[in-house]
Amino acid sequence: MAEDKKNQQLAPVAIAGAPIGLGSANPKQGQRMTGAQAVVASLEAEGVDLIFGYPGGHAIHIYDALYDSKIIRHVLSRHEQGAVHEADGYARATGKVGTVLVTSGPGATNTVTGIATAYMDSIPLVVITGQVPLSMIGTDSFQESDIFGITIPIVKHSYLVKSANDIARTLREAYHIAKTGRPGPVLVDIPSDVARQHTVFEYEDSVNIASYKPTYRGNARQIKAAAALISQSKRPVLFVGGGAITSGASQLVSALSHKLRIPTVTSLMGLGSVPADDPLNLGLVGMHGSQYANMTLNRSDLILACGARFSDRVTGKISSFAPEAKLVHIDIDPAEIDKVRLADIPIVGNLSYVLESLLAQFENGVEAPDTQEWLADVAQWRDRYPMYHESLDEDTECIIPEKAMLKLSGMLDQESSIVVTEVGQHQMWAAQFIERSKPRTFITSGGLGTMGFGLPASIGAAFGCPEKTVVCVAGDGSLQMNAQEMATATINQIPVKVIVVDNSALGMVHQWQKLFLQERYSATELHDIPDFVKLAQAYSWTAERISKPEEVAGAFERMLSSEGPYLVDMRIPRDQSVFPIVAPGRALTEAVGAIDLGERVERNVDNESDAEEGRC
């Protein structure tokens with residue numbers, strides 16, 4: 001028992017980007033400098049080599065100190081929200097902590113949406129904001145905002161630095177907190193007079209925060225009990241979330257699935273954690289998941305949840321969710337346990353460590369469950385309820401988004417590509433049909449569902465992984481939220497590729513109005529403005545427009561082979577819907593639009609086309 005307690009506090013799984021000069025190894029250790037210089041020295045000591053940001057009056061001294069850095073590259077974004085999303089995309093693609101530097105007031109408040117996006121998806125960021133001088137805080141001075149208070153609900157931790165002597169310690173703690181335990185954003189607010197104060201730079205080798213001790217090793221008794229429960233199950237399923245990617249547990253998830261012959265389903269954030277071509281992987285589950293994945297999850301007798309949080313987009317009506325299933329819930333954040341669904345066996349810990357221990361149980365005598373009949377049932381559902389069938393194409397003269405995403409998927413190299421999405425119908429089509437076989441190669445805003453995330457996130461991902469082709473699947477509504485970041489890509493020679501799934505509508509809400517509100521299209525129909533080709537060209541991108549199915553392959557080939565940023569405006573009918581869909585508040589068993597290949601091919605919804613004449 002004592003040994004079990006001892007193992008609770010082991011170091012986390014290593015995150016790429018190790019510090020380059022902590023403690024006595026840091027060449028600036030012991031030097032006298034300004035607070036602003038201490039900020040830069042701390043970032044260098046932490047191994048930061050890339051910052052996204054936007055300057056202003058109360059961050060000017062930090063920017064001045066940054067001017068002298070030979071290590072850190074600063075990317076001048078065109079909006080502070082764009083800067084945070086870029087840092088977020090960089091963090092998701094690399095596993096490193098993303099860093100943002102902005103000024104006070106509107107500069108700081110413009111980061112809020114980006115911080116909330118990262119918080120909901122457990123992405124490690126450190127956001128450094130300038131602030132008015134200490135003596136002026138609370139006086140409503142020019143460009144003052146209480147960013148510390150504003151962001152309390154959407155950060156893992158926050159700091160208001162009141163002395164230059166605290167800067168190095170604060171930033172050391174900030175990066176430690178951001179990347180350990182359940183990752184998340186940390187805010188560091190630095191008043192401009194503190195940035196001008198002098199201090200002696202001391203950067204500590206280690207961090208010891210008495211109130212912050214994440215648990216990494218799961219409880220041994222609970223792991224043993226979980227193994228016994230799994231062994232007795234007849235219809236087990238692995239439900240895999242974003243925690244599998246964050247903890248580096250993807251290979252262990254696959255190893256457990258194959259050793260025990262258990263099918264897997266994934267949340268939106270878990271896509272890529274299990275190879276798409278793995279025969280045991282059923283892919284996306286939930287509101288827009290496949291009928292066969294939803295049936296598997298809902299009819300199981302045991303759910304092994306791996307780094308997943310039971311979002312309402314996964315469970316549907318919670319009282320009807322998997323009514324016969326017992327739950328083993330593994331998560332590093334104890335707050336997630338029992339929050340939505342009561343766990344029969346809760347295990348708090350890092351997923352990698354817990355799965356290693358769980359696998360050891362089956363390697364040392366615990367019998368694997370007999371899943372032969374269960375897998376046969378799953379295979380039948382998979383054959384009968386496919387995600388897509390060509391015979392149901394409503395209008396073969398127009399581009400069918402499902403087929404376009406399948407085409408793109410086949411053209412991408414799994415080893416050397418990253419897919420990023422905006423938020424909306426296009427996001428779901430991408431999640432359903434673009435196969436991903438590697439973690440950190442499908443990047444999307446899951447928890448917050450942030451329109452405007454995709455373009456800047458794709459730029460950040462390309463900064464972090466310059467050897468990979470980064471493709472952003474966007475909507476015409478979402479792209480306009482942060483279109484100014486096209487300039488950031490051009491100026492920094494970042495060759496991102498953008499496909500605009502252009503239906504001249506706020507597609508997902510438009511679809512809900514069609515299906516659930518008697519086609520009362522209130523404020524969801526967009527005009528054909530702007531001309532996305534001309535807009536892209538104005539930012540010195542190469543761009544083209546397509547509207548016919550026969551144009552898709554050639555446009556994608558030109559896009560992927562181009563050396564610079566490239567945009568394809570792909571026009572589709574306004575009435576296209578994403579299927580299947582589980583209506584809000586309904587059970588997973590009540591999906592609308594699922595395909596059934598039973599006696600005849602049919603979709604369980606009246607989906608008559610009303611495509612505008614000449615639209616495609």
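Looking at M508 and H288, their side chains come closer than 4.5 Å, going by heavy atoms from C-beta outward. Between I62 and I190, some side-chain heavy-atom pair lies under the 4.5 Å cut-off. Under the 4.5 Å side-chain criterion, counting only non-hydrogen atoms from C-beta, S122 is not in contact with M269. Side-chain contact between I154 and P185: absent, with no pair of heavy atoms (C-beta onward) separated by less than 4.5 Å. At a threshold of 4.5 Å between non-hydrogen side-chain atoms, the residues Q37 and V40 do not count as touching. Between V340 and I318, the closest side-chain pair of non-hydrogen atoms falls below 4.5 Å. Side-chain atoms of I491 and R78, non-hydrogen and from C-beta on, do get closer than 4.5 Å to each other. A heavy-atom distance below 4.5 Å is not found between the side chains of I167 and N165.
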Under 3.5 Å, side-chain donor or acceptor atoms of residues 535-542 against the rest of the protein: list the pairs with distances, not counting sequence neighbours.
{"unit_1": "W541", "atom_1": "NE1", "unit_2": "M486", "atom_2": "O", "d": "3.1"}
{"unit_1": "W541", "atom_1": "NE1", "unit_2": "T490", "atom_2": "OG1", "d": "3.1"}

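For Y54, the OH atom counts as loosely surrounded, since its 6.0 Å shell holds 12 or fewer non-hydrogen atoms of other residues, nucleotides or ligands. Counted within 6.0 Å of NZ on K438, heavy atoms from surrounding residues, nucleotides or ligands total 12 or fewer; the atom is thus considered open. A 6.0 Å sphere centred on CG of L134 holds more than 12 heavy atoms belonging to other residues, nucleotides or ligands. When the shell of 6.0 Å around NZ of K534 is examined, it contains 12 or fewer heavy atoms from other residues, nucleotides or ligands.
The two atoms that bring L125 and A91 nearest to each other are CD2-CB, 4.4 Å, heavy atoms only. In terms of heavy-atom proximity, T421 sits nearest to A430 at CG2-CB, 3.9 Å. Of all the heavy atoms in V501 and D476, the pair that sits closest is O-OD1, 3.6 Å. When all heavy atoms are compared, the tightest approach of T215 to V348 is CG2-O, 3.7 Å. The two residues V48 and I71 make their nearest non-hydrogen contact at O-CG2, 4.0 Å. In terms of heavy-atom proximity, S247 sits nearest to G243 at OG-O, 2.7 Å.
Listed by first then second residue, pairs satisfying salt bridge (charged side-chain N to carboxylate O under 4.0 Å, His left out) with a partner in residues 156-167 read D166-R169, not counting sequence neighbours. Among pairs with a residue in residues 99-125, those fulfilling salt bridge (charged side-chain N to carboxylate O under 4.0 Å, His left out) read R92-D121, at least two apart in sequence or across chains. The salt bridge (charged side-chain N to carboxylate O under 4.0 Å, His left out) analysis of residues 444-457, with sequence neighbours excluded, yields no pairs.
One finds a salt bridge joining K179 and E46 here, because a Lys/Arg side-chain nitrogen approaches an Asp/Glu carboxylate oxygen to under 4.0 Å. Under 4.0 Å is where a charged nitrogen must lie from a carboxylate oxygen, and between K28 and E44 at least one such pair does.
Judged purely by atom type and a 3.5 angstrom limit, N492 has no side-chain atom pairing as donor or acceptor with the backbone of I494. Side chain of H527 to main chain of I529: no donor-acceptor pair is present (N/O by atom type, distance under 3.5 Å, no hydrogens or angles). Formation of a donor-acceptor pair under 3.5 Å by the Q493 side chain with backbone atoms of A489 is not found in this model. Under the 3.5 Å distance criterion, the side-chain polar atoms of E86 are left unmatched by any main-chain donor or acceptor of V75. For the pair S311 (side chain) and R313 (backbone), a donor-acceptor distance under 3.5 Å is present. Counting only distance, with no hydrogens or angles, the side chain of S478 and the backbone of A474 share no donor-acceptor pair below 3.5 Å. Looking at N482, its side chain never comes within 3.5 Å of a backbone N or O of L455 through a donor-acceptor pair. Checking side-chain atoms of S267 against main-chain N and O of G270 turns up a donor-acceptor pair under 3.5 Å. Put simply, the side chain of R172 gets close to the backbone of E204: a donor and an acceptor are under 3.5 Å apart. Listed for the S273 side chain is no donor-acceptor partner under 3.5 Å among the backbone atoms of S250.
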Before giving the answer on ring-ring contact (aromatic ring centres under 6.0 Å, His included), spell out for F52 and F463 the whole-Å C-alpha distance, their side-chain angles and the decisive distance to 0.1 Å. CA-CA 10 Å; F52 300 89; F463 268 108; 5.6 Å; yes
Test side chain to side chain donor-acceptor pair (under 3.5 Å) applied to T450 and T117, step by step: CA-CA 7 Å; T450 305; T117 300; 2.6 Å; yes
Can you list the steps and then say if Q131 with S104 is a side chain to side chain donor-acceptor pair (under 3.5 Å)? CA-CA 5 Å; Q131 183 55 277; S104 65; 5.0 Å; no
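Between the side chains of Y212 and T180, at least one donor-acceptor pair of N or O atoms lies under 3.5 Å. Counted by atom type alone, E422 and H426 present zero donor-acceptor pairs between their side chains at under 3.5 Å. Side-chain contact annotation: T524 with Q513, donor-acceptor N/O pair under 3.5 Å present. With no hydrogens or angles considered, no side-chain donor-acceptor pair links T99 and Y90 at under 3.5 Å. Using modelled atom types and a 3.5 Å distance limit, the side chains of Q29 and E202 yield a donor-acceptor pair. Side-chain atoms of Y159 and E173 include a donor-acceptor pair closer than 3.5 Å.
Checked against the 6.0 Å centroid threshold, H61 and Y63 do not count as a close aromatic pair.
Residue Y353 holds its OH atom at 9.0 Å from CD1 of I332, rounded to the nearest 0.5 Å. Atom OG1 of T109 sits about 11.5 Å away from atom CG of D146, to the nearest 0.5 Å. To the nearest 0.5 angstrom, L506 atom CG is 5.5 Å from M451 atom CE. The CG atom of L284 sits 8.5 Å away from the CZ atom of F442 when rounded to the nearest 0.5 Å.
Ring geometry for F201 against Y203 counts as parallel: the plane angle stays under 30°, on a 0 to 90° scale with 60° as the upper cut.
Every residue two or more places apart in sequence or in another chain was checked for a ring-ring contact (aromatic ring centres under 6.0 Å, His included) with Y566, and none qualifies. Applying the side-chain contact (heavy atoms from CB on, under 4.5 Å) test to D333 and every residue at least two apart in sequence or in another chain returns R182, D331, A335, E336.
Taking the centre and axis of the six-membered ring of F310, the NZ or CZ atom of R341 falls outside the cone set by 45° and 6.0 Å.
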